[in-house]
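The structure appears right after this line, and notes come after that.
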Amino acid sequence: MTTSDQHIDELMDQYPPKPEYLIGLLQDIQDQQGYISYGAMLLASEHTKVPLSQAYSVATFYQSFRLDPPGEHEIKVCLGTACHLNGGQQLVDGLSRKLQIEPGETTDDMMFTLSTVNCVGACAIAPVAVVDENYHAGATMQKLEREMRKVIDLSSDKIMGEPNA
Amino acid sequence: MRYLQGILQIRCCPDHIREIAVIEFKINDKEVKAREGWTILETAKEYGIDIPTLCHHPAVAPTGSCRLCMVELREGDWSKLVASCIYPVKKGITIYTETPKVHNVRRWILEMLLASCPASEEIRELAQKHGVISTRFSVHDPNQKCLICGLCQRVCEEVVGLSAIAVLDRGVHKKVGAPFLRPTDICVGCGSCVTICPTDAMQEIFDTVRGKPELPLSQLA
Amino acid sequence: MHLNAKTGVFICKCGDCIEPLIDLNGLKNSIKDHADYCDILTQPCLTPGMEQIISAISQHNLNRIIVAGCDGRIMLKKFEKALEPLDILKGQVDMVNLRSHVAAVSDASPEQKAKKSEKLIKAAMADMKALVPTELERAKLDGPVAIVGNGIGAFPAAQKLITAGVECVLSLETCDPKKIISSLKRSYPGERQHYDRVKQMVEDVLGNEKLTIMADSRLKKLIGVTGDYTMVIEDSQGNENFIKASMIIAALDAKLYPPGPEFGHDGQTVLIQPEMEAQIDQMGIPKGDVVFWISDYEYGTPDFAGLSTKSAWSMAKHIKEASASTQIIIFYNQMMTLPLSATERGLSRKLGISWVPYDKAVRPTVQDGYITFCHLKDHVEHEISWDFLVLSPRRAIRGQEQITARRLGFIHKETPFLTGHHAKVRPEMIGREETYIVGSARYPCDLQETLNQGRKAGNKNAEMVEKSNKLQLFIPRNVCVVDPTKCVGCGQCQELCDCGGIGVSEYPGGGLPRMVDPMVCTGGGTCAAACPYNALVLQNNSTDQREARVATLSKLLEPGEVVSLACVWGGLPAADHAYSKKLTYDPAIHILGVPCVGQIDPSVMARAFLDGAPGLILIGCDPEECHHSFGIDHAWNRVNLIKKLFSLCGFDRRRIALAHADLNKPEEFVKTANAFTALIKALGPIEKTQANQDKLKSIYHLCKDNNRIRTLLSAALRRPGEKTYRGDQKHALAFDKDFNQALEEEYDYPESALFEEDTSGKGVLYV
């Protein structure tokens, strides 16, 4: 369990131990941790007295729950009508190739999560990509690559702070 | 008669059974007698009338998810289709099990099943029995056998009492599996799900569900 | 209760699954004169059929019900539930599987299939007649819940129990919160984000007036069964206090200790994590560079690397936040995936903590001020300098924890920790272990997990108490019971028991007969089959019942037909699935289901042959899959005994066989069934001469009543290769020779025909 689970059991105590509170509890966990970890799922299912398989079934049923940990930076590419017509899918494909992950996945070093969304309501500036809540109008691969380099320190060995021994 | 856990068991005594009203209705223009609490399907079976089912199994409670057991219920000029496995018997209703409407429903369902579970022999045979040998729908996954009837989930919950597996995800991604799609310790490997599965889909899923102990015994020293 | 069996047989038509394939009218005619009631029903498992069964039961006062239909494994529960209000309890209802074992699995004629069905049903009827049903007993929970052990899990457990209003007693070695927390830091180093709130919890619990606390005490002895324990607790003055308890929660934490000298541990500059934690506490942040080496892979315990890493990370964070100039490196085996979230990685980068993976093929070497390792990038051996080198701790159960665990009966020979691989054979057994043991001694875990385990145990115990108060807690139906008048206290059953349900009862007048804890017993039954004095009985599923079933079936067999005993986890579902897959096999095999082949007494095996079976095959699981841990291995030894006896008598050893089946491989089961039936057909029957009958009688009596052989057999149970093997056997060949010799000495073959009087004083007559 990660250190943020420390708060999870305090969260549990706010909910009565009954099955009908499962979704509310999962939502709170999602808000706090960014995803529902294995440990949190176990705790939630035990606390609300819902069998683990059913709790997991509920979590997979709803799109708003994620079950894998998010990366440090989230890139959301809009695939609403206007953005799609303006090359949104090509952006997704390009990013997918660059980061070597499919939409919905996170890179191995946990830096980036790539996902697609249905419409962010900014059709005039299509195609739109949102990087860490920053909206990028008329996004292109070049612009996004520049943006990604800005948010991380790309000197290759220092990703995890390895010393130059 | 006995009180068990403070709950009155209604059907535990023949005197009480006799007190439960006999309900008379018609299936295929034939008078049938049932009791309150029976379903149309149960009555039909008792009278030897064949209604196809897929998601029904006497070991678990019926859910009416496959809809193959639909029958036509007529009231005057108007009729509706009901799922016979869950529809309770009612006095004076008229049920028909072999009308064009009913055959149409079966054909649609079987065609859809042929498309969604193309690898299942049992579904192909059932379809053939009802005159459906091809499907107009496109096949999504040629290896799919599971029709997501939920019998495995129900037997694990109701008979075994463990709820080790459930139906997960939604839409085209719906599948049966253990939590986190990993072998689980909760499963005891009793094989009830494999036994109850109407196709042999569970056979393949089973090995991904039954859990090994955390550490194999040979690794402990 | 209903000792006089009145049997009702209900034959199911099952649509087109049974009726067209078996001559049901013929079957009914052959059964009806032997049963108190027999009828054919359209579908007994649906509501209409159930009502008919209930009417028949009431009209004819039936108390043994046999439904000849389909798979009992999934259907039997429905009948049990529906008939319970009529006082027909679990054990009094049985199912014979006509659909999956008779109707469609061969090309025999409907009349032949009816004959086979008749045999199986009559065998089931004999079983039911031999049944001595027990009353539905309520489990009594007499006394408070006791929490023993020094693990930190005791406190959340106590909290939950107090909240639920359950009386509890806490027995601790120390009641000083400071000492408890410092001991906590030694067992769970680096979890400083929890220490304060745990301290608060400890103080709350200790200050709670509703709790009875025995300070400075330790458990000396435990007597009794679940619901009725007596604990002997020794206090600091050495006085013994006798405390009654209904249930016990053991809170035990594993000890963290240093590795061997090859890692250079000196406790001052080369430390294990708890020592670094203590140093930070006492002397503040260390002055100098710190390297944390996650050395669990090198200890041979890679599973604990994640735990060690989290502690290391936590301590590293603390040190770096307090002293930014300290150089910290966390040094780990390349095989490990870092258990850090994205946020934590970001934080690590910000703080400047380095993570260096090393080549798993080259073990890092500790030197004075340096550690050398092989770098993955360039395969050159680099050196990292350190002022403090913090190693992962080794983990084991030691000291007082080990003593307490042993006194509670938890120590398993096979595992270094307390988590057992107990059979999960009933849903109420799942998570049973979580009810009574919490802490890292169960299996190494972090503090969060232990606290969670404590809460869970508290909740589960509270639930059980609540259930008991509502009179809803019952003793399971299929558990073993010891007859103390027959038990000599040899302890074989306790050795063999895989669920830990057998303990010693103290009897006035000396002797140490065993007793079974019915709430723990999983009904494996190998104990009953092993007891040299037949002192154990598996309730509602006894050896007598099985013997009656096998005897009746054997008597009814036609030439070439064989008996099979198949376990409910392996052989039986494989047979059931052979039907689902529309496979066919030789109908000569007659399958009887048992919970585990390990509960089959050798006398039952011998009885089959005595009553005319030409062949008997036991079909169980694979050894690593056995749900009763070693049932299949025990069955092996017993089958082997019969083989040895057959050799002595000149019978073909192959007539009795042990096979393994996987429920998901029914094709393999078909191979087994066909191979064995073919073999027995080729061998033909055992010639029905007087001499042969006498031999079989002697074999039967030896298996049933000869205490010496039964003792030797149960002491020898396990296959020769196993290391945790008790008894004298060290050399497989030598042992086998010795055992054969003992058999020769004990086997009593009367050369003459039946005689009325037993003059030798050895065996008992069979009449």
Side-chain angles (χ1 to χ4, degrees), chain B residues 1-6 8-9 11-15 17-18 20 34-35 37-39 41-43 45-48 50 57-60 121-122 155 158-162 185-192 194-198 200 202-204 206-207 210 212-218 220-221, chain C residues 13 15-16 42-51 54-59 70-71 73-75 77-78 82-87 100 300 303 414-417 419 421 423-431 443 470-472 568-569 573-574 576-577 580-582 621 624-625 627 663-664 666:
Chain B
M1 197 178 64
R2 224 176 83 171
Y3 281 80
L4 192 70
Q5 303 170 15
L8 184 59
Q9 299 284 328
R11 287 173 189 285
C12 59
C13 169
D15 294 328
I17 291 176
R18 268 182 247 126
I20 297 169
R35 283 209 158 85
W38 295 19
T39 60
L41 180 67
E42 288 179 325
T43 316
K45 285 202 179 210
E46 196 62 20
Y47 280 85
D50 186 41
H57 194 284
V60 295
E121 268 304 316
E122 290 82 359
V155 79
E158 294 172 32
V159 176
V160 186
L162 289 171
D185 251 19
I186 303 173
C187 168
V188 289
C190 67
S192 300
V194 183
T195 306
I196 209 172
C197 179
D200 58 359
M202 198 60 212
Q203 260 208 324
E204 290 157 15
F206 185 63
D207 283 317
R210 63 171 153 181
K212 300 279 167 188
E214 260 168 59
L215 293 172
L217 292 172
S218 52
L220 299 164
Chain C
K13 285 192 199 170
D16 52 6
T42 318
Q43 211 149 353
C45 50
L46 296 177
T47 320
M50 213 55 102
E51 286 178 5
I54 291 172
S55 299
I57 291 174
S58 299
Q59 268 172 38
C70 63
D71 305 326
R73 284 169 42 247
I74 51 175
M75 282 307 309
K77 189 163 177 179
K78 190 169 181 180
L83 302 179
E84 203 180 340
L86 287 164
D87 254 353
S100 307
D303 293 323
E414 290 87 24
T415 86
F417 296 104
T419 190
H421 296 286
K424 295 175 177 175
V425 295
R426 289 199 301 264
E428 59 263 32
M429 300 302 291
I430 309 300
Y443 192 73
K470 284 200 209 153
L471 303 179
Q472 282 175 11
V568 126
W569 305 95
D576 292 348
H577 296 154
S580 320
K581 296 220 84 166
K582 300 200 172 65
C621 306
E624 286 292 316
E625 300 290 331
H627 281 66
L663 70 92
N664 217 13

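First the proteins, then the strands, lettered A, B, ... as listed; each starts at 1.
- How far CZ of R210(B) is from CD of E625(C): 5.5 Å, rounded to the nearest 0.5 Å.
- Atom CE in M202(B) sits 9.0 Å away from atom CG in N664(C) (nearest 0.5 Å).
- For R35(B) (side chain) and T47(C) (main-chain N/O), no donor-acceptor pair under 3.5 Å exists by modelled atom type.
- Shown here for P48(C) and E46(B), the closest heavy-atom pair between the two residues is CB-OE1, 3.5 Å.
- Rounding to the nearest 0.5 angstrom, the gap separating the CG atom in L46(C) from the OG1 atom in T39(B) is 7.5 Å.
- For the set D50(B), V60(B), L41(B), V159(B), the entry with the most heavy-atom pairs within less than 4.5 Å of chain C is V159(B).
- From T195(B), atom OG1 reaches atom CG of D576(C) across 5.5 Å, with rounding to the nearest 0.5 Å.
- For chain C, the option among G189(B), G161(B), C197(B), A34(B) with the highest count of heavy-atom pairs below 4.5 Å is G189(B).
- Looking at E158(B), the atoms closer than 4.5 Å to chain C (heavy atoms on both sides) all sit in the backbone: N, CA, C or O.
- Minimum interatomic distance between K45(B) and T42(C) (heavy atoms only, all atoms of both residues): O-CG2, 3.3 Å.
- Counting only heavy atoms from C-beta outward, the side chains of P666(C) and Q203(B) approach each other to under 4.5 Å.
- Side-chain atoms of K581(C) and D200(B), non-hydrogen and from C-beta on, do get closer than 4.5 Å to each other.
- If you measure heavy-atom distances from D207(B) to chain C, the contacts under 4.5 Å come from both the backbone and the side chain.
- Residue V155(B) touches chain C through its side chain alone, counting heavy-atom pairs closer than 4.5 Å.
- K470(C) does not touch chain B: none of its heavy atoms, backbone or side chain, sits under 4.5 Å away.
- Looking at C190(B) and R73(C), their side chains never come closer than 4.5 Å, going by heavy atoms from C-beta outward.
- Of all the listed residues (Q43(C), K78(C), H577(C), M75(C)), the one sharing the greatest number of non-hydrogen pairs under 4.5 Å with chain B is H577(C).
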